[in-house]
Engineer: 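Handing you a structure now.
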2 protein chains.
Amino acid sequence: MSLATTWSKAMGIDVPIVNAPMGGAAGARLAAAVSEAGGLGMVGMGSSATPEQLRRELADLAKPSRPFGIGLVHWVMTERPDLFDIALEARPALLSVSFGDDWAWVRRAHDVGVTVATQVATVGDALRAAEAGVDVLVARGAEAGGHGRPALGTLPLLTQVLDAVELPVLAAGGVASPRGLAAVLAAGAAAAWLGTVFTTCVEASTPAAARDRLLAANGENTMLTSEFDIRAGYRWPADVPERVLTDENGAATPVNAGQGVGMVNQSLTVAETMSRLCWGAEALLRRWS
Amino acid sequence: MSLATTWSKAMGIDVPIVNAPMGGAAGARLAAAVSEAGGLGMVGMGSSATPEQLRRELADLAKPSRPFGIGLVHWVMTERPDLFDIALEARPALLSVSFGDDWAWVRRAHDVGVTVATQVATVGDALRAAEAGVDVLVARGAEAGGHGRPALGTLPLLTQVLDAVELPVLAAGGVASPRGLAAVLAAGAAAAWLGTVFTTCVEASTPAAARDRLLAANGENTMLTSEFDIRAGYRWPADVPERVLTDENGAATPVNAGQGVGMVNQSLTVAETMSRLCWGAEALLRRWS
């Protein structure tokens, strides 16, 4: 048995795992490791992204032997249009742009043959993105770490979006173990879009102190906040807070984490992490054969 | 293929579906229909339960040909201890008591050979319930309708609890379609504990006006509130709000609903609902064989 889906086969990857393009954690090193391990590695550009930073990360990915992707934030890209141009020039297998409502970028990507994705938080979002020509939807549940609109839990969101659109749908939010991977694939997700589980990997750019807190945290130790965005002057939409770790007093810390963080207890390599996820999910799904 | 799990076989039921014991919706008629359709029908006693009401419902279930269960709320049972005595006398296949931290009832149920369940919202809850001798855990995610502690989404809660305990774990919250059922079974749930999807069934005691609102609602049209409990003088713990439908202005209404409500669009019989869920989930899981 293999976990391959119609979408993962079409993308030329071996396993239906994509790393969330997390600003500050998903640089070239993480993306390359995910792609080398058979998934789709995404380079993430977050709130403070610059064209120079994206160029540097892409240079490190020069001549990748496997498909890779790039993830941008719409409002950041609007302020620094070079980000989009540089991303397109790199001809990623997947370009994800989220948190905007102007879809002109979709046409520009399609004009040069680049497949595009965007995050959706509701069925309405999914229908609008499909109408705008987006190729792949990321159904991001409220459990997920980092920025997103917390409208619905991953399970009701994913399952309803899958019934509402014909597009491939990636599942994001709270998937951090083999059981979660098996669940979203059984539901019909084209792949899992994993964030928190990769933040503690050896290859992530996560600072050491944040990594230690992530490894020690329980699933309940997260909350939604816009506090750090406001303090930094970032232009995130008001309905897009970020999910972060809480400290021992229950106060927000500037470490992004999803509710799956309680299942992330070891700093492994990406290859070890993906192997563990895939073997476990295969064993779970095989029980139904 | 069949959806049977080790637990559903041990319980003597055909399909791993249990209806949530919803006060006001899950009376004898709903419970009997769920049991007759091969699941485990639960009679639910809510905030305003009385011994007379429970006796009446159980009389309607007299000599059931299939296993059935009863669900009580711990603080209500503490105020009306007869509820527990009457429930035990009925010798249900499963007795669920939730939202308390005194576990003396577990021993009393075990003394007469009754299997017991309780809802858990975190891994810590799960470990405490296991330590108290509870036989079956209901991992209830924040998406679920009605009362519960909204700590984690269903997917991270269920998957982590399954890894943390050896007990059978039922999955609750946001499961309202074949995809959701397939997902939680693939993750390893012993069964799905379904609420919202049964509230609109022909056999539910749900008032007609509430049923119409449930059928019309989208998944985002729910919120958490304690407003109605406070108004009614109910003694729900402060960290246990209820998830209800919102109206067109986004205000709370007194109709309980989970985030799966957007997937509930037709008033069907229980048999039709369960058949649709099971056939769909089997088809999804069969793809991995």
Side-chain angles (χ1 to χ4, degrees), chain A residues 1-3 5-6 121-125 141-144 149-164 169 171 173-189 196 218-220 222 258-263 280-289, chain B residues 1-3 5-6 121-125 141-144 149-164 169 171 173-189 196 218-220 222 258-263 280-289:
Chain A
M1 209 196 92
S2 133
L3 294 180
T5 65
T6 306
T122 64
V123 173
D125 284 357
E143 297 96 317
R149 195 150 69 86
L152 293 168
T154 299
L155 203 53
L157 174 64
L158 170 69
T159 56
Q160 198 171 358
V161 168
L162 279 165
D163 283 339
V169 181
V175 180
S177 75
R179 293 187 188 280
L181 179 58
V184 299
L185 293 176
T196 304
N218 291 325
E220 309 95 86
T222 76
Q259 291 182 348
V261 70
M263 291 177 269
E282 283 183 36
L284 286 160
L285 289 168
R286 202 179 299 125
R287 301 193 307 185
W288 298 96
S289 65
Chain B
M1 210 194 91
S2 133
L3 293 180
T5 65
T6 306
T122 64
V123 172
D125 284 355
E143 297 97 316
R149 196 151 68 87
L152 293 167
T154 300
L155 202 53
L157 174 64
L158 170 70
T159 57
Q160 197 171 357
V161 168
L162 279 165
D163 283 339
V169 181
V175 179
S177 76
R179 294 187 188 279
L181 178 58
V184 300
L185 293 177
T196 303
N218 292 324
E220 310 94 88
T222 76
Q259 291 183 348
V261 71
M263 292 178 268
E282 283 183 35
L284 286 159
L285 289 168
R286 202 180 298 125
R287 302 194 307 186
W288 298 97
S289 65

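It should be emphasised that the depicted structure is a prediction, and the values quoted were computed from it without experimental measurement. Reminder, nothing fancy here: chain letters follow the sequence lines and each chain counts from 1. Below, each value reflects all heavy atoms present in this structure, side chains not excepted, and no hydrogens, waters or symmetry copies.
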Engineer: Give, for atom CZ of Arg287(A) and atom OG1 of Thr5(B), the distance between the pair rounded to the nearest 0.5 Å.
Structural biologist: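 So the gap between those two atoms works out to 9.5 Å.
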
Engineer: What option among Gly174(A), Ser177(A), Pro178(A) has the most heavy-atom pairs under 4.5 Å with chain B?
Structural biologist: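 The candidate making the most pairs under 4.5 Å is Gly174(A).
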
Engineer: Hey, what do you get for CE (Met263(A)) to CG (Asp163(B)), rounding to the nearest 0.5 Å?
Structural biologist: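 The distance works out to 7.5 Å.
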
Engineer: Is it the side chain or the backbone of Asn218(B) that comes within 4.5 Å of chain A heavy atoms, both, or neither?
Structural biologist: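 When you check distances to chain A, no heavy atom of Asn218(B) falls under 4.5 Å.
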
Engineer: Looking at every heavy atom in both Trp288(B) and Ser289(A), which two are closest together, and how far apart are they?
Structural biologist: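 Scanning both residues completely, I find the closest heavy atoms to be O-CB, 4.3 Å.
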
Engineer: Select one option (side chain, backbone, both, neither) describing which atoms of Val261(B) are under 4.5 Å from chain A's heavy atoms.
Structural biologist: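 Contact with chain A involves no heavy atom of Val261(B) at all.
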
Engineer: For Thr159(B), enumerate each residue passing the side-chain hydrogen bond (donor to acceptor under 3.5 Å, both in side chains) test, keeping only those at least two apart in sequence or located in another chain.
Structural biologist: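 Thr159(B) satisfies side-chain hydrogen bond (donor to acceptor under 3.5 Å, both in side chains) with no residue once adjacent residues are dropped.
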
Engineer: If you tally heavy-atom pairs under 4.5 Å against chain B, which of Leu3(A), Leu157(A), Leu162(A) wins?
Structural biologist: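 Of Leu3(A), Leu157(A), Leu162(A), Leu162(A) has the most heavy-atom pairs under 4.5 Å with chain B.
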
Engineer: Which atom pair, heavy atoms only, marks the closest approach of Gly153(B) to Gln259(A)?
Structural biologist: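 Of all heavy-atom pairs spanning Gly153(B) and Gln259(A), the closest is N-OE1, 2.7 Å.
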
Engineer: Using the test side-chain hydrogen bond (donor to acceptor under 3.5 Å, both in side chains), find all partners of Thr154(A) that sit at least two apart in sequence or belong to another chain.
Structural biologist: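 With sequence neighbours excluded, Thr154(A) shows a side-chain hydrogen bond (donor to acceptor under 3.5 Å, both in side chains) to Glu143(A), given in chain and number order.
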
Engineer: So for Ser2(B), is it side chain, backbone, both, or neither that comes closer than 4.5 Å to the heavy atoms of chain A?
Structural biologist: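 It is the backbone, since no side chain atom gets that close.
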
Engineer: Grab the two heavy atoms, one from Glu220(B) and one from Leu152(A), that are nearest each other, plus how far apart they are.
Structural biologist: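 Result for this residue pair: N-CD2, 4.0 Å.
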
Engineer: Non-hydrogen atoms of chain B under 4.5 Å away: do they reach the side chain of Ala182(A), the backbone, both or neither?
Structural biologist: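 Ala182(A) touches chain B through backbone and side-chain heavy atoms alike.
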
Engineer: Considering only heavy atoms, which portion of Ala176(B) lies under 4.5 Å from any heavy atom of chain A: side chain, backbone, both, or neither?
Structural biologist: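 For Ala176(B), neither part sits under 4.5 Å from chain A.
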
Engineer: Who wins among Gly180(B), Gly262(B), Gly260(B) for the most heavy-atom pairs under 4.5 Å with chain A?
Structural biologist: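 Sorted descending by pairs with chain A, the first entry is Gly262(B).
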
Engineer: Measure the CG-CG distance between Leu185(B) and Leu284(A) for me, rounded to the nearest 0.5 Å.
Structural biologist: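 Separation between the atoms: 11.5 Å.
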
Engineer: Ignoring hydrogens, what is the shortest heavy-atom contact between Ala183(B) and Leu155(A)? Give both atom names and the distance.
Structural biologist: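 Heavy atoms of Ala183(B) and Leu155(A) come nearest at CB-CD1, 3.7 Å.
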
